[in-house]
K.L.:
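Sharing a structure below in structure tokens format, with a few things to ask.
Numbering of ligands and ligand atoms starts at 1, following listing order. Note that the structure is predicted; figures quoted are calculated from it, not measured.
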Amino acid sequence: MSEYSPVPSPDATTVFPYHDLTPPATADVYEARRVVDDHLPRTPLVRNESLSAEFDADVYLKREDTLPTGAFKVRGGVTLASRLDDEFRESGLIAASTGNHGQSVAYAGRAFDVPVTIVVPEAANAAKVAAMERLGADVQFRGADFDEAREHAEDLAAQAGYRYVHSANEPSLVAGVGTAGLEIVETLPDLDYLFCPVGGGSSAAGYCLTVGALTDATVIGAQSEAAPAMRRAWADDTLEPHDRMETFAEGVATRVPFALTTTVLRERLDEFRLVSEAALRRGVRDLFVNEGLPIEGACATSLAAMRQRADELAGSTIVFPISGRNIEPEKLTDILDGAP
Ligand SMILES: *Cc1c(COP(=O)(O)O)cnc(C)c1O
């Protein structure tokens, strides 16, 4: 059995010696694509009529919700699992997650026949837990919030020799999720803007390395003002955890900025906007009512950022990813009912 204990990390998370914090390059995304193409369908890029009318622009949705787990993260999961060192094949992968990261790792473990353990907070989203179990993961409930679940996963990794899959300090995850950007570049090379959510920053980093590096488009990240840790890290060059973490949107609910993704974003992200929780709710409601699309609150950060900049967008070509569709029915109902 492998034996690894944590090593000092530039950010306030636990990393292990196998965590390489070197930012991936565009070439690594092309490399990841060979795996992603073998395991996942390419996702549609669809012009959206109601948003194109609203912005007097060509607005395209990158439909990451059509992936089998309903969110983009699985692109990274399969990339990482495809490269797993032999020493971990028996003990397997472990991750802490409130949802989509766990589903991604569970899907990848099943695809590569590697056992998977996911630690979730005790109050985790039941549908997401059921999905992880269906994919064969051993789901363990631990702690009141994500950080407590994370600490337990890190302890287990050290004790039992699992490969701990960090949600952002993993070059393979960033390279894997970047394949969505390559698909956009190939079908819509003349886009002007790409707006994307930032939670841990893997998705935004992937778009910076593809759309940002290969086209003239402006890449704009968005985060809830109720959980602005990564925005502050990007603006102030600090990896300090943030006191404020109150967003309802679990996909962007980060308290600690992550070293690897912050490096990429500081170097390459053109703009980073904070949006209100009310604007997130409005975005979730509008896409459901106007388009019949269930989207997670995290995904609505992009639309909220577009609306902040609406006066500059007329006549342009804009892409925003539907990053995930795994919203809890109760949350969606509350939003449609107009709950504050
Ligand atoms: C994880 C997630 C995000 C944020 O992505 P990061 O790569 O962590 O920044 C946004 N939307 C959804 C649906 C997610 O699951």
Side-chain angles (χ1 to χ4, degrees), residues 11 13 24 43 61-67 69-77 79-80 95-107 124-125 127-128 131-132 146 150 165-181 194-210 219-224 227-231 233-234 245 247-258 260-262 264-265 269 272-273 275 280 283-284 287 293-305 320-328 331-332:
D11 60 35
T13 66
T43 61
L61 306 184
K62 178 65 171 161
R63 295 290 305 275
E64 298 292 278
D65 58 308
T66 64
L67 287 164
T69 53
F72 72 87
K73 288 195 176 69
V74 68
R75 294 174 182 270
T79 303
L80 184 140
S97 174
T98 53
N100 289 336
H101 176 49
Q103 279 192 63
S104 156
V105 174
Y107 187 95
N125 174 333
K128 287 183 176 175
M132 293 182 227
F146 171 74
R150 178 174 61 74
V165 186
H166 193 288
S167 60
N169 286 332
E170 300 276 7
S172 295
L173 292 191
V174 173
V177 305
T179 58
L194 185 130
F195 287 81
C196 68
V198 181
S202 69
S203 157
Y207 284 121
C208 286
L209 292 168
T210 53
V219 180
I220 300 174
Q223 192 167 43
S224 168
M230 286 293 289
R231 169 66 170 63
W234 176 81
M245 210 296 286
T247 179
F248 81 90
E250 75 248 31
V252 291
T254 35
R255 185 188 302 281
V256 178
F258 302 118
L260 171 61
T261 45
T262 298
V264 178
L265 298 185
L269 186 69
F272 199 149
R273 300 201 152 233
V275 300
L280 297 188
V284 170
L287 277 173
L293 275 181
I295 66 164
E296 295 181 43
C299 171
T301 53
S302 310
L303 177 54
F320 96 85
I322 301 297
S323 55
R325 62 166 153 80
N326 300 318
I327 186 166
E328 288 164 271
K331 247 182 214 177
L332 182 58

K.L.:
Are side-chain heavy atoms of L67 and R75 found at a separation under 4.5 Å?
P.N.:
yes
K.L.:
List every atom of ligand 1 that sits less than 4.0 Å from any heavy atom of A298, numbering the atoms from 1 in the order shown and giving each element.
P.N.:
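Those of ligand 1 that fall under 4.0 Å from A298 are 10 (C), 11 (N), 12 (C).
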K.L.:
Salt bridge (charged side-chain N to carboxylate O under 4.0 Å, His left out) for K73 and E64? Distances and angles first, verdict last.
P.N.:
CA-CA 9 Å; K73 288 195 176 69; E64 298 292 278; over 6 Å; no
K.L.:
Return yes if a side-chain donor-acceptor contact under 3.5 Å exists between D11 and N169, otherwise no.
P.N.:
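Short answer, yes.
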K.L.:
Check each atom of ligand 1 against the heavy atoms of P197 and keep those under 4.0 Å away; list them by number with element.
P.N.:
10 (C)
K.L.:
Which atoms of ligand 1 have any heavy atom of G324 under 4.0 Å away?
P.N.:
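By the 4.0 Å cutoff, the relevant atoms are 13 (C).
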K.L.:
With heavy-atom distances below 4.0 Å as the criterion, list the atoms of ligand 1 near G251.
P.N.:
1 (C), 2 (C), 3 (C), 4 (C)
K.L.:
So, R63 and T43: side-chain donor and acceptor under 3.5 Å apart, yes or no?
P.N.:
no
K.L.:
At a 4.0 Å threshold, what atoms of ligand 1 neighbour a non-hydrogen atom of N100?
P.N.:
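Contacts of ligand 1 toward N100, numbered from 1: 13 (C), 14 (C), 15 (O).
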K.L.:
Is it the case that the side chains of N125 and N326 hold a donor-acceptor pair, with the cut-off being a distance below 3.5 Å and no angle test?
P.N.:
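N125 and N326 do not have a side-chain donor-acceptor pair below 3.5 Å.
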K.L.:
Atom NE2 in H101, atom CD in E170: separation rounded to 0.5 Å?
P.N.:
7.5 Å
K.L.:
Determine the interplanar angle of the F258 and H166 rings, folded into 0 to 90°, and report it as parallel if under 30°, tilted if 30 to 60°, perpendicular if over 60°.
P.N.:
perpendicular
K.L.:
So for ligand 1, is F72 a polar contact partner (N or O within less than 3.5 Å, distance only)?
P.N.:
no
K.L.:
Is the closest N or O pair between S323 and ligand 1 shorter than 3.5 Å?
P.N.:
yes
K.L.:
Using distance alone, with no hydrogens and no angle criterion, decide if N100 and E250 have a side-chain donor and acceptor under 3.5 Å apart.
P.N.:
no
K.L.:
Should A204 be counted as touching ligand 1, given the test is an N or O pair under 3.5 Å?
P.N.:
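Between A204 and ligand 1 (N or O atoms, distance only) the closest approach is not under 3.5 Å.
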K.L.:
Give the numbers and elements of all ligand 1 atoms closer than 4.0 Å to a heavy atom of S202.
P.N.:
6 (P), 7 (O), 9 (O)
K.L.:
Is the shortest N/O to N/O distance between V198 and ligand 1 below 3.5 Å?
P.N.:
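N/O-N/O distance below 3.5 Å does not exist for this pair.
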K.L.:
Of all the atoms in ligand 1, which lie at a distance below 4.0 Å from a heavy atom belonging to E296?
P.N.:
13 (C)
K.L.:
Give the atoms of ligand 1, by number and element, whose distance to some non-hydrogen atom of G201 is under 4.0 Å.
P.N.:
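Atoms satisfying the 4.0 Å criterion: 6 (P), 7 (O), 8 (O), 9 (O).
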K.L.:
Which residue holds the protein heavy atom closest to atom 1 (C) of ligand 1, what is that atom called, and what is the gap in Å?
P.N.:
K73 NZ, 1.4 Å
K.L.:
Does any part of the side chain of K128, heavy atoms only, come nearer than 4.5 Å to the side chain of T98, both counted from C-beta?
P.N.:
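No; the side chains remain at least 4.5 Å from each other.
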K.L.:
Measuring from atom CG of L280 to atom CD of Q223, what distance do you get when rounded to the nearest 0.5 angstrom?
P.N.:
10.5 Å
K.L.:
Please state which part of H101 comes within less than 4.0 Å of ligand 1, counting heavy atoms only: side chain, backbone, both or neither.
P.N.:
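Neither; no heavy atom under 4.0 Å.
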K.L.:
Around atom 8 (O) of ligand 1, find the nearest protein heavy atom and jot down its residue, atom name and distance.
P.N.:
G200 N, 2.8 Å
